[in-house]
Novice: 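One structure, pasted below without further comment.
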There are 2 protein chains.
Amino acid sequence: MKIGELSRATGTNIETIRYYERIGLLPKPHRTVANYRSYGDPHRARLTFVRHSRDLGFTIEEIRSLLDLSDDPGRDCSEADRIASRHLAQVEDKIAQLTLLRDELTRIVGRCRGGVAAECRVIEALGDHRHCASAH
Amino acid sequence: MKIGELSRATGTNIETIRYYERIGLLPKPHRTVANYRSYGDPHRARLTFVRHSRDLGFTIEEIRSLLDLSDDPGRDCSEADRIASRHLAQVEDKIAQLTLLRDELTRIVGRCRGGVAAECRVIEALGDHRHCASAH
DNA sequence: ATGCACCCTGTAGCAACTACAGGGTCAAGA
DNA sequence: TCTTGACCCTGTAGTTGCTACAGGGTGCAT
Ligand SMILES: [Zn+2]
Ligand SMILES: [Zn+2]
Ligand SMILES: [Zn+2]
Ligand SMILES: [Zn+2]
């Protein structure tokens, strides 16, 4: 399989595939006589794993650890669990933080009654955190 | 006021202040004979506006527009409202997306029963989106 | 005079890509 | 046979919003 096919098969940008190879996340594939990259099913599976993990918000370094783990089938899987749990906690933190932000923004947006910038409550609120109802 | 004082007064890293000046978000301040930056209250207010807007998640370009608006007090403020509303909508989208992610991660993390990597349900789930209950 | 805190410029690094520029390869159609 | 177009290659630079130096200068106290 050439890089364009792998790209279509996994929904990954070609440049991204080459990027993953450069940073050592994907192994270097064989080359054809024309120096084209040539991939097999294990490459496809690995890239699918990477893309899916990225879609779930894992960082490249986390994915690197997860791949190391899955390359070593006899190892204890508790590290995978730890990485995923920590990531879940981060997502929960982020949701909490964005929820505060949303509430504050809702309040700010709701204050504008139209008119000129000098009297705009949105601009006023942005200039002074003391108008805010919570930390953020 | 020297840059260190402005930094403490606004809770902004010194390097960040110089960065904002470089990209034209803050005006160039006067310099002392020793070539030190010298700030006044309007600078402090502007930087406070910038930091608070950043804390609320606005991008630098959005802040640039908001500052342009507040520099021109007679202008109609509807653009400020539009920028803030659009940002609010983006935050809401992000929350929705992260909530889906959280649910999926919760499901994935809950599947691990310990054991070796070869049989780990977490690693299995990361490798195949078909194990997922929703899009993400 | 010497130490220390502070300031200066300019450049490079971070994450995770994305977008070229400038070239090579290959199969199909006129 | 020639050419067109789709594909591939490498290498580098851009994106966002900072942050971290390196290598120097300034100002005040001891
Ligand atoms: Zn308004
Ligand atoms: Zn606030
Ligand atoms: Zn497991
Ligand atoms: Zn999935």
Side-chain angles (χ1 to χ4, degrees), chain A residues 1-26 28-39 43 46-67 83 86-87 90-91 94 97 101 136, chain B residues 1-26 28-39 43 46-67 83 86-87 90-91 94 97 101 136:
Chain A
M1 181 171 15
K2 282 190 287 182
I3 198 168
E5 284 172 83
L6 181 63
S7 167
R8 282 186 298 276
T10 62
T12 311
N13 196 319
I14 288 178
E15 324 260 41
T16 303
I17 297 174
R18 288 198 281 245
Y19 167 70
Y20 288 160
E21 179 185 330
R22 200 160 61 243
I23 64 171
L25 202 61
L26 296 182
K28 288 184 194 297
H30 290 120
R31 299 292 185 122
T32 67
V33 284
N35 200 31
Y36 288 8
R37 288 172 179 80
S38 177
Y39 298 97
H43 286 106
R46 200 175 177 89
L47 180 52
T48 299
F49 185 102
V50 170
R51 283 314 310 172
H52 193 217
S53 302
R54 286 291 302 128
D55 288 345
L56 286 163
F58 289 92
T59 66
I60 299 278
E61 287 316 305
E62 285 166 342
I63 295 169
R64 219 186 274 278
S65 303
L66 291 165
L67 283 171
I83 292 171
R86 191 188 51 195
H87 178 52
Q90 282 167 3
V91 169
K94 190 79 191 175
Q97 188 194 319
L101 219 62
H136 49 93
Chain B
M1 178 170 20
K2 282 189 287 182
I3 199 168
E5 286 173 82
L6 181 64
S7 167
R8 283 187 296 277
T10 61
T12 312
N13 196 319
I14 288 179
E15 325 259 40
T16 304
I17 298 174
R18 287 198 280 247
Y19 167 71
Y20 286 161
E21 178 185 331
R22 199 160 62 243
I23 64 171
L25 203 60
L26 296 181
K28 289 184 194 298
H30 290 120
R31 297 294 184 123
T32 68
V33 284
N35 199 32
Y36 287 8
R37 288 171 178 80
S38 176
Y39 299 96
H43 287 104
R46 199 177 178 88
L47 180 52
T48 299
F49 185 101
V50 170
R51 283 314 310 172
H52 193 218
S53 302
R54 286 293 299 129
D55 288 344
L56 287 163
F58 289 92
T59 67
I60 299 279
E61 288 315 305
E62 285 166 342
I63 295 170
R64 219 186 274 279
S65 303
L66 290 165
L67 283 170
I83 291 171
R86 190 189 52 195
H87 178 51
Q90 282 167 2
V91 169
K94 190 78 192 177
Q97 188 194 321
L101 220 61
H136 46 94

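Every chain is numbered from 1 and lettered A, B, ... according to where its sequence line falls, protein lines coming before strand lines.
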Novice: For the pair made of CG in B/L47 and P in D/dC18, what is the distance, rounded to whole Å?
Specialist: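 From B/L47 CG to D/dC18 P: 11 Å.
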Novice: I need the CD1-P distance between B/I14 and D/dC18, as an integer number of Å.
Specialist: 16 Å
Novice: Kindly say if A/T16 contacts the phosphate of C/dT18, meaning a side-chain N or O under 4.0 Å from OP1 or OP2.
Specialist: yes
Novice: Does the side chain of A/H43 reach to within under 4.5 Å of the side chain of A/L26, using non-hydrogen atoms?
Specialist: no
Novice: Look at the side chain of B/Y36 and the base of D/dG27, then say whether one donor and one acceptor between them are separated by less than 3.5 Å.
Specialist: no
Novice: Nearest whole angstrom, please: distance from the C1' of D/dA6 to the CD1 of A/I3.
Specialist: 15 Å
Novice: Looking at every strand, decide which applies to A/I23 at a 4.0 Å heavy-atom threshold: base, sugar-phosphate, or nothing.
Specialist: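 Contact class for A/I23: none.
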Novice: How many Å lie between CZ on B/R31 and C1' on D/dT26, as a whole number?
Specialist: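 After rounding, the reported distance stands at 14 Å.
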Novice: If only atom types and distance count, is the side chain of A/H87 paired as donor or acceptor with the main-chain N or O of A/L56 below 3.5 Å?
Specialist: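 Yes; at least one donor-acceptor contact below 3.5 Å.
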Novice: Using whole Å, report how far CZ of B/R22 lies from C1' of D/dA20.
Specialist: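 In whole Å, D/dA20 C1' and B/R22 CZ are 12 Å from each other.
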Novice: Considering only heavy atoms and no angle criterion, is a donor-acceptor pair shorter than 3.5 Å present between the side chain of B/Y20 and the base of D/dG17?
Specialist: no
Novice: Calculate the interatomic distance between B/I17 atom CD1 and C/dC7 atom P; express it in whole Å.
Specialist: 9 Å
Novice: Any base atoms under 4.0 Å from A/R18, or only sugar-phosphate, or nothing? Heavy atoms, all strands.
Specialist: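 Counting heavy atoms under 4.0 Å across all strands, the contact made by A/R18 includes a base.
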Novice: When you look at B/R18 and B/E15, which way does the salt bridge (Lys or Arg N to Asp or Glu O under 4.0 Å) test go after all the steps?
Specialist: CA-CA 5 Å; B/R18 287 198 280 247; B/E15 325 259 40; 3.5 Å; yes
Novice: Assess, by modelled atom type and distance only, whether the side chains of A/Y39 and A/R46 contain a donor and an acceptor separated by less than 3.5 Å.
Specialist: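 The criterion, which ignores hydrogens and geometry beyond distance, is not satisfied for A/R46 and A/Y39.
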Novice: Side-chain N or O of A/T59 less than 4.0 angstrom from OP1 or OP2 on C/dA15?
Specialist: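 False: A/T59 side-chain N/O out of range (4.0 Å or more) of C/dA15 OP1/OP2.
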Novice: I want to check one thing: is the phosphate of D/dC7, taken as OP1 and OP2, less than 4.0 Å away from some side-chain N or O of A/R37?
Specialist: no
Novice: Taking any heavy-atom pair under 4.0 Å as a contact, classify A/R51: base, sugar-phosphate, or nothing.
Specialist: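 Sugar-phosphate, no base atom in range.
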Novice: Please state how far atom CD1 in A/I60 lies from atom P in C/dA16, giving the value in whole angstrom units.
Specialist: 5 Å
Novice: Going by heavy atoms in the side chains, are A/R51 and A/T16 under 4.5 Å from each other?
Specialist: yes
Novice: Between A/N35 and B/E15, name the one whose nearest nucleotide on DNA chain D is closer to the 5' end.
Specialist: A/N35
Novice: Rounded to whole Å, how long is the line connecting atom NZ of B/K2 with atom P of D/dT26?
Specialist: 13 Å
Novice: Identify, between A/V33 and A/Y19, the residue whose nearest nucleotide on DNA chain C lies closer to the 5' end.
Specialist: A/Y19
